[in-house]
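What you see is a predicted model; the values in this text were computed from it and never measured. In what follows, chains carry the letters A, B, and so on, assigned in the order in which the sequence lines appear, proteins first and then strands, with residues in each chain numbered from 1.
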Amino acid sequence: MSKIGVFVCHCGENISATVDCESVANTASQIEGVAFATDYKYMCSEPGQMRIKDAIREKGLDGVVVAACSPRMHEPTFRKTCAEAGLNPFLCEMSNIREHCSWVHEKSGETTDKAISLVRMLVEKVKRNKPLNPIKVPITKKALVIGGGIAGIQAALDIAGAGQKVILVERDPSIGGHMSQLSETFPTLDCSQCILTPRMVDIAQHPNITLYAYAELEKLEGFIGNFKATIRLKAKSVDHKTCTGCGACMTKCPSKKIPSEFNEGLGMRTAIYTPFPQAVPNKPIIDRVNCRYYTTGKCKVCEKICPTGAIQFDREDEFITEDIGAVVLATGFNVLKPDFFPEYGYGKYADVITGLQFERLASASGPTMGVIRRPSDGKIPQKVVFIACAGSRDPAKGIPYCSKICCMYTAKHAMLYQHKVHEGESYVFYMDIRAGGKNYEEFVRRAIEEDGAHYIRGRVARIYEKDGKMVVKGVDTLLGAQQVEIEADMVVLATAGVANGGAEDLAQKMHVSYDPYKFFAEAHPKLKPVETNTAGIYLCGACQAPKDIPDTVSMASGAAAKVIGLFSNAELTREPTIAVVNRIATHDVSTCVGCFLCETACPYQAIEHEEIKNRNGEVIKTVARVNPGLCQGCGTCVSFCRSKSIDIQGFSNEQMFAEVMSLVAEY
Amino acid sequence: MSNEFEPKVVAFVCNWCTYTGADLTGTSRIKYASNVKIIRFPCTGRIDFMLLLKAFANGSDGVIVSGCHPNDCHYTSGNFHARRRWMLFRNLLDFLGIDIRRIRFAWVSAAEGAKWAEVVNETVAQLKDLGPYTEYQKATEFLVANENELTEEMEANHA
Amino acid sequence: MRELQDTVKALFDKGEIDLFIGYEKGTRTPRPFFVHKAEDAENLIFDAACSGNLAVYLTRKDLTGGKKTGISASYYALKSIAQLFDENQLKAENLRIFGVSEEGSVQFFDSVAAIKQHLSATPPPAKPDEDELVGKINAMTASERWKFWSDELSKCFKCYACRAACPMCYCTKCIVEVNRPQWIQPWASTLSNMEWQINRVMHLAGRCSDCGSCGTACPLGIPVHLLTHKMSETVKEHFGVSETKENVLSTFKPDDKENFIH
Amino acid sequence: MIHNNCLQITDKGLKDWLAKIIAGGKQLYAPVREGDKTAFKWLDSVAEISMEHIQTTQSAKAVAFPRAEKLFSYQKEKGAVTLQDYNPDNLSETVIFGLHPCDAAGFRPLGSIFNWDTPDKPYNERRKRMTLITVSCTKSDEFCFCTSVNGGPGNTEGSDILLTPLKKDYLVEIITEKGQKLVEAYQSCFDTPPENSDKEACLAKVPVRFSPEEVSRKLSGMFESKVWETQSERCLGCGACAFVCPACACFDIQENSKGNSGDRLRCWDSCGFSLFTLHTSGHNPRSTQSQRWRQRLMHKFSYMPDRLSVIGCTGCGRCSRACPVDMNIAEHLADIG
């Protein structure tokens, strides 16, 4: 029989004013299994705790119920008290007779009766409590950062700076991401490359960082602290160990007319190439789709010219595996191709371009060396129309959400244009101006007031060409929906920010949830913005939602801090209140039938498959197993399991059942 | 003691929202009917529908099931799973003629201390109107050979 | 009938199967039949009178373990088979599945995908009797419904024929056998009988083929299949027909609509 | 004076008699039609009685051996336990009307089991208070095989009174003293019989399917036979056959506990359930359905005749009718014997 101690706290007069604590203790002492019951003015005080400790030692208690305040207040206190007296802390429970009883009811016999019921309920629970020990999970102190844009760069540098190893995987031949394409950045107009490239160099040189550019995550197995990542190193066709990056191959490559991705198709590149001059790593790869040798079997000019013999046409994709303790997702975003606005003529008219293309035109390293020239004839446009919300906030044709950065970069574009073409005229069609952010509103005002950008509130209905001009037809809603028609030389569309290509695949590979727009989902919108619902996988930057550079960088540092915090422990300690699949003598070692419907019920991907083998090593059954590193203890699987094969420690079926029965059954 | 019928109510609540919300009711010293007794679960996803039935079978006249509002679940989706469960469960109970007016489902957040008091008071008031749920509890008696025996035995028990 | 018999004979002759599960003539109505050799195939039948759901035998290791098994499957059996695959209970390599129709045609399915495609292309058989009875019960007041079901379920003596006849009740330990805690009182009482049915139906939510075998199996004629039928309808109404293997209760949509949680 | 212990009763006389029995304070348990099934029920009025059936869904055994019965109660208080023993005082005198000879015969194997070692108080107390008014069978179906297990459609075994429907009235055979009392108390309801009422001519013709002695003899050497697997393949493992059987006596002991008090219960169980023989260790000596099917037949047709000198089957055919997959016991026995 159980030997449970019940300790009823007066909480000064907070409880005893409405509850007869002495009577509660007396009645409790009569409950089957209660070996000792007492009441005291302040149970949480030093002398109060001493009473508990003494009773545990003297009466040999095997369970403790403290009837006092909410467990959310003092459960840790009393569990620690029990542990100090040698009782497993998980054999201590609190009965909430203050917040749930004395404070909410008038002084009466009923209130005391209710307190007794609440105590009885916890006594019945504690009878079925089991000693539990915190779960220790070892941690591999190496982080994997996926994506080498500013988010990934910042996260990798922060983690590496804290002395931890980082593997940075970038899909493209160079890190840098979208930020490296930008001209100048709002609201300060620093040169994007000037602030970014030093960081890129830091990545290449940091002793704690291993960079795999032109690589992708193939597979991720395991769980927090113990992931195993398989990384595909895409065949570069150039041996980067021997390549010196001299660039001779690129100058001699005969395939020169390939639209440059970095320049958003406004410039050309060769088949063997680095995306841009400041690329990291600054060594070329061969684009096999466009290379003459790969397409026709003849050429090999680069091989002939290479002074170090670094060209290796027969290289294939390689796979490496790495043990990883945590993952940071920083895969960024992309811009929506404006095909869905056929009336804007993107693709039909060379002079209707996207915002990202404008960045390249305005960039000193861009195809026009920073001179704004329109793509069709290279002339400097005298009148430019910028269209905000080209796709954003448009549930019918585009996407329903706000892409957040367009208002600001459109203002910046107008401003940059005015700075570069002093006599030029800029017009901005907008729906609303969203300029929340430090110095953002001032920035927009400056574009309008100082730089003379014409802001027109309204939407553009159609763009067509007339005599080499782009005629933009729209309405000005502030002037009573008056028709507006502007004959522009160039039109810039602020296209919506969307999830990067492959985001969904990657999310499924990593078991990270994502929203309907394929942006990765954070674990909690307010309190866990950099966590995902898979423990040990964090996220930052625009892969979570469109965001600007300052937000991206702070989120990246936040994710890095989470990783550093995780790595600061030798092992991970988890609360043992987690689910467990039974292992019993019958039914081939578990009553679990392996239907695995619990797999989708689990928000944390904590359900694994375990094969049960007979003595000959043959698999007789595959059953569920809960990964203690991943389970957070919600218990959804427990109430879902038909055969009750999963139970949750600390809130077990027997415990909860006993609590219900104690409240309603007659004693 | 008054002779008015005092219903027994068991509340099944999640730890993170409603339990904490009920704590707030306490800290705010908002008074409510003492008929209700709260059982703490980690999450509404953990609340087994059988526990509700057990409460009824053993003398509860009504139950409250409450947890985090949609999108606020501490475990992201436990309440969404629970919601589906209750949708089907409630429908099935109704089809069986079990009095679903005696089950109050609520979303009470950690900030809604006052709402918790309202939920309890409304439930208790409704249950006072409905009266004790004896027809359900009576069905727990195991079937003896002869119904007359049962009646006699029950009368003997209650004498 | 001929087509089925010939198909099965050929399978045995080619050594493709060790066992075929079908129906033979029974005392009054056809009954399940296990064919072990080619010549026995002659006794195979399939017609409208073939009740029950043969998929129930596929999870019985003592019968099918290690055997290459063929099965003649009705629409409902196919549905159950597809669900059993989704629940990792069947292995395709040991199974030859033949859809059979009351008209006597035989259709071979070489994959679960083929079964699912067939099922989504085939409208489920109408259930006018069940619909009518469910409609009648729906139209009752709550206390009439309580009276109806407590009368019906007071008859139940817990032989668990409803469970035994159900292909989806393949748990090695059923909830009624779990005794720590004793969720459901193991003896027959109106309420524990009802609790058993509530559990059965909740556990079948989104998994049930609506074949009605539970009701047919009940030796006391308690219409327990109306409960599963009603549940199938409720699931369809609230959550539609799931195209994925996820169970209706193990998934959710953030915008699931209800009107009773305030 | 009753001639040869035989009387005759008209249909109306029968109804009067039963009504008077009820009025006299006895409980009446009789067949009532519900849809296409007929079941025994506790009745307040004779109007509900139906005798059109060939067989009721369940036998009448529940009167002596209820589905669940309280054996004793207990109360715990601070370590001390108080017991309340089985109390038969509330049991009432019961008259079962309308059961067939195969059901009445079922109380013999049932009684043998409950009195095999230690006389079982609850069973005997209930049985003591029962009077059986059996009605002979004038029709049968393809599931009936009473004549193969030493019974018959007009068999008197186990009955206190046997009524046989003649062309018009009923022949009343008084078998026991209990029956005698029940007739004497309401003598006015009865007529004396005509000179030569031909009972046999009115009875159903039930063909003999096998010889029980032959079956029993063969079974004793068939433990390892392959036939069990073949016969049981389609068996689903439910308990329908055992629960409808008038002779099945297996039970499970369960606890109905509420807080610190509770009842110890005896509940129907079936050897067809996989849990029936499951050990705590996880070992199950009858782990397959074929082993459980073997047990069912062996127990009824080999072990019981050997040890209790009674066949554990009365040929009522209920198990075969109730079986969802047509496990026809007579067919299987005929195959063996």
Side-chain angles (χ1 to χ4, degrees), chain C residues 19 21 23-36 51-54 56-57 60-65 151-152 154-167 169 172-174 176-177 179 182 185-189 192-193 213-223, chain D residues 34-37 39 41 57-58 62 66-70 141-143 229-230 232-244 251-257 263 265-270 272-275 278 287-291 317-328 330-331:
Chain C
L19 171 68
I21 307 173
Y23 292 93
E24 66 173 345
K25 193 181 161 301
T27 313
R28 272 183 193 164
T29 51
R31 65 192 182 196
F33 178 44
F34 289 68
V35 187
H36 293 279
S51 63
N53 188 331
L54 293 184
V56 71
Y57 294 112
R60 285 272 302 277
K61 279 201 186 125
D62 54 340
L63 298 175
T64 58
D151 280 356
E152 285 293 343
S154 68
K155 297 181 205 161
C156 167
F157 50 27
K158 287 202 169 151
C159 70
Y160 295 118
C162 46
R163 180 182 73 181
C166 176
C169 278
T172 43
K173 190 168 194 177
C174 175
V176 296
E177 290 152 5
N179 56 6
Q182 183 91 57
Q185 295 171 333
W187 51 90
S189 73
S192 73
N193 295 344
S213 297
C214 46
T216 323
C218 180
L220 305 172
I222 305 168
Chain D
E34 284 182 321
D36 56 356
K37 293 191 155 51
K41 290 205 148 185
T57 318
Q58 294 191 63
R67 292 185 217 171
E69 173 149 49
K70 188 165 86 181
D141 65 10
E142 63 272 48
F143 293 108
E229 278 173 38
T230 319
S232 69
E233 270 177 328
R234 66 177 177 272
C235 172
L236 295 168
C238 73
C241 47
F243 290 177
V244 296
F251 55 79
D252 188 22
I253 297 293
Q254 290 286 352
E255 192 109 331
N256 183 20
S257 71
D263 305 323
L265 303 179
R266 167 161 81 195
C267 325
W268 284 4
D269 203 349
S270 163
F273 291 140
S274 62
L275 239 69
L278 180 66
S287 58
T288 65
Q289 205 56 41
S290 64
Q291 291 167 339
R318 279 197 184 84
C319 53
S320 313
R321 287 185 203 92
C323 181
V325 291
D326 193 32
M327 292 283 286
N328 189 320
E331 182 187 331

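- For C:Tyr57, the part sitting under 4.5 Å from any heavy atom of chain D is the side chain, from C-beta outward, and nothing else.
- Looking at C:Pro186, only its side chain comes within 4.5 Å of chain D, counting heavy atoms on both sides.
- C:Lys25 meets the side-chain hydrogen bond (donor to acceptor under 3.5 Å, both in side chains) test with no other residue; sequence neighbours excluded.
- Here the shortest heavy-atom pairing between D:Asn328 and D:Ser320 reads CA-OG, 3.7 Å.
- Top candidate by heavy-atom pairs under 4.5 Å with chain C, chosen from D:Ala240, D:Ser257, D:Gly237, D:Cys235, is D:Ala240.
- With a 6.0 Å cutoff to the six-membered ring centre and a 45° limit on the axis angle, D:Arg67 does not count as a cation-pi contact of C:Phe157.
- Atom NZ of D:Lys37 is surrounded by more than 12 heavy atoms from other residues, nucleotides or ligands within 6.0 Å.
- Both the backbone and the side chain of D:Cys238 come within contact range of chain C, judged by heavy atoms closer than 4.5 Å.
- Looking only at atom types and distance, the side chain of C:Ser192 has a donor-acceptor partner in the side chain of C:Lys158 under 3.5 Å away.
- Residue D:Gln289 touches chain C through both its backbone and its side chain, counting heavy-atom pairs closer than 4.5 Å.
- Ranked by non-hydrogen atom pairs under 4.5 Å with chain D, the options C:Arg60, C:Lys61, C:Arg28, C:Gln182 are led by C:Arg28.
- Chosen from C:Leu63, C:Leu220, C:Asp62, the residue pairing most often with chain D at heavy-atom distances under 4.5 Å is C:Leu220.
- In terms of non-hydrogen atom pairs under 4.5 Å with chain C, the most contact-rich of D:Ser270, D:Gly239, D:Cys241 is D:Gly239.
- Partners of D:Asp326 under the side-chain hydrogen bond (donor to acceptor under 3.5 Å, both in side chains) rule, at least two apart in sequence or in another chain, are C:Thr27, C:Arg31.
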